[in-house]
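From a predicted model like this one, the values you see are computed outputs, not experimental measurements. Numbering of ligands and ligand atoms starts at 1, following listing order.
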Amino acid sequence: MDGRSLIFDVAIIGGGTAGLFSASLLSEKKLKVLIIDHNNILGKKFSISGSGKCNITHRGKIQDLLQNYYEGVNFLKRSIYKFSNDDLLSFFSREGVSFYSDKNGKLFPENFSAKGLVNILIKKCEKNNVYINCDTEIKEIEKKNDFKITTGTKIFLSKKIIMATGGQSYSFTGSDGSGYKLAEMLGHRIVKPVPALCPLTVKNYIFDDLSGISINNIRISLKKNKKIYCEGDLLFTHENLSGPAVLDFSRYADKNDEISISFTEKKYYNIENESKNGESSVTNAIAKKTDLPKRFINKLVKQYSKKKWKSLSIKERKSVFDKISKMDFSVEGKSFSRAMVTRGGVSRNDIKSYSMESKKVSGLYFSGEIIDIDGKTGGYNIQAAFSTAFTAVNDIINKLQA
Ligand SMILES: Cc1cc2nc3c(=O)[nH]c(=O)nc-3n(C[C@H](O)[C@H](O)[C@H](O)COP(=O)(O)OP(=O)(O)OC[C@H]3O[C@@H](n4cnc5c(N)ncnc54)[C@H](O)[C@@H]3O)c2cc1C
């Protein structure tokens, strides 16, 4: 322990996105901060975010941002107002980071990689003497006056704890779901964790040879409940359905669920007007009418593809439209190894939304993906990790420095 005391003001379990940000803020206030992480390096998931480019947050008003958190909107509201997308950008701007937005409003650092952002946070922690304990498994956490944290080799005491152990996906990054067990041991309910923001594997997949082809503005819904749907772009891969609309929708889909995808809204579009397209092949005529990729159309209407559109009867034309406009699939599965986030986690009902403090154990806080919150693709999950971390830190500073 380098001669330092074993007693800390705040122990942070998990040095990922939320944990590192919390430690950097708390240590600036001269508090004695400990990070315990069972991985060998910190911030691994953050450093691979956005394929290493880090889609850190999303452009737009706070009210619009909040619409992207499904059932977690009300829980997150105060945190996002306390620490918004603008606040997040300002925090890193002060460290020399500049940002750009893509055409959809996703924000990325311009002059730093995701790893570069992680290094900014780690340097702040090191500068302010945060005690970092990697490769450390926690055996037990007990609450007496202070918290007692027992690892394989050490016992730490701390006045407050922040649990920021993340979700259960991409387990090589360290967030492997073990944090849920610690939370459960301390009396919290866990909403069943399921993979989210992941591709969907479907039975009898026929689009492997269309890998890399995207279809814009599709609508994907659950057959049993059409009110549950997502809209956006779809991407065919070698083995599954992906792209933003599928990723956003994946949180709803379970194994064996029947799902329905509308590839175009142009039902029977211009079916009888043949002045322009009558001489075209069926594929070309349909591509012009719908903007769907020709290889996709060819695949589904192979038997007609060499025919002229005008040679088809109205009934046949309708049948061609039916084939290419909508398809049903049966979900074979989805996996944590390909999921960018976890739906589920520590129940929101067990956490005070204005402070992130546990309702079960005073002095214990949660932040980031360990909580039952998940956002759409677009920077919303990193934003939630920073905003909930800020809320917890704020409350702790107010209480410890009162
Ligand atoms: C491939 C990929 C790309 C992504 N891209 C984006 C993106 O561009 N934009 C976006 O908004 N979101 C993105 N996400 C999601 C985003 O990275 C996470 O939601 C966010 O990092 C969660 O932060 P966190 O602090 O809650 O957890 P994490 O960053 O996962 O940190 C958790 C930490 O806790 C440690 N830990 C876990 N269990 C224990 C334990 N029992 N004891 C001790 N330590 C423990 C882990 O080792 C880890 O260091 C992406 C995710 C993935 C997998």
Option with minimal heavy-atom separation from atom 32 (C) of ligand 1, where the choices are G345, A164, G50: A164

Under 3.5 Å: N/O of V341 near N/O of ligand 1: no

Side chain to side chain donor-acceptor pair (under 3.5 Å) partner of T173, the single match among S169, S175, S171: S175

N/O donor-acceptor pair under 3.5 Å between K334 side chain and P195 backbone: yes

Ligand-residue contact atoms, ligand 1 with A18, heavy atoms, under 4.0 Å: 25 (O)

Side-chain donor-acceptor pair present, T201, E332, cut-off under 3.5 Å: no

Taking atom 21 (O) of ligand 1 as the reference point, the nearest protein heavy atom with its distance: T17 OG1, 2.7 Å

Side chain, backbone, both or neither: S175 near ligand 1, heavy atoms under 4.0 Å: both

Geometric N/O contact S178 with ligand 1, under 3.5 angstrom: yes

For N381, the ligand 1 atoms whose distance to one of its heavy atoms is below 4.0 Å: 11 (O), 12 (N), 19 (O)

Identity and distance of the protein heavy atom lying nearest atom 18 (C) of ligand 1: E369 OE1, 3.1 Å

Non-hydrogen atom of L42 closer than 4.0 Å to ligand 1: no

Taking atom 31 (O) of ligand 1 as the reference point, the nearest protein heavy atom with its distance: G16 CA, 3.2 Å

Nearest neighbour in protein (non-hydrogen) for atom 17 (O) of ligand 1: K45 CG, 3.7 Å

Ring geometry between F263 and F236 (parallel below 30°, tilted from 30 to 60°, perpendicular above 60°): tilted

For atom 9 (N) of ligand 1, the option (of N40, T173, N55) bearing the nearest heavy atom: N55

Atom indices of ligand 1, in the order listed, that fall short of 4.0 Å to a heavy atom of G368: 26 (O)

Atom 36 (N) of ligand 1: nearest protein contact (heavy atom, Å): H38 NE2, 3.5 Å

Electrostatic pair D350:K359 at N-O distance under 4.0 angstrom: no

Which of the ligand 1 atoms, numbered from 1, are nearer than 4.0 Å to a heavy atom of G379: 9 (N), 10 (C), 11 (O)

S84 side chain to D86 side chain, donor-acceptor N/O pair below 3.5 angstrom: no

Check ion pair R219-E231 (N to O, under 4.0 angstrom): yes

Under 3.5 Å donor-acceptor, N85 side chain and R59 backbone: no

Residue and atom name of the nearest protein heavy atom (relative to atom 48 (C) of ligand 1), distance in Å to one decimal: D37 OD2, 3.4 Å

Minimum-distance protein heavy atom relative to atom 10 (C) of ligand 1: I382 CG1, 3.3 Å

Parallel, tilted or perpendicular, as decided by the 30° and 60° cut-offs, for the rings of Y380 and H58: parallel

Under 4.0 Å to a heavy atom of N39 - the qualifying atoms of ligand 1, by number: 47 (O)

Closest protein heavy atom (residue, atom, distance) for atom 6 (C) of ligand 1: S49 CB, 3.6 Å

K299 bridged to D209 by N-O distance under 4.0 Å: yes

Aromatic ring proximity F92/F112, centre distance under 6.0 Å: no

Where ligand 1 meets Y380 - atom numbers and elements under 4.0 angstrom, heavy-atom basis: 11 (O)

K376/D248 salt bridge by N-O under 4.0 Å criterion: no

K124 with E95: basic N within carboxylate O range, under 4.0 Å: yes

Per atom 52 (C) of ligand 1, closest listed option by heavy atom (E137, Q168, M340): M340

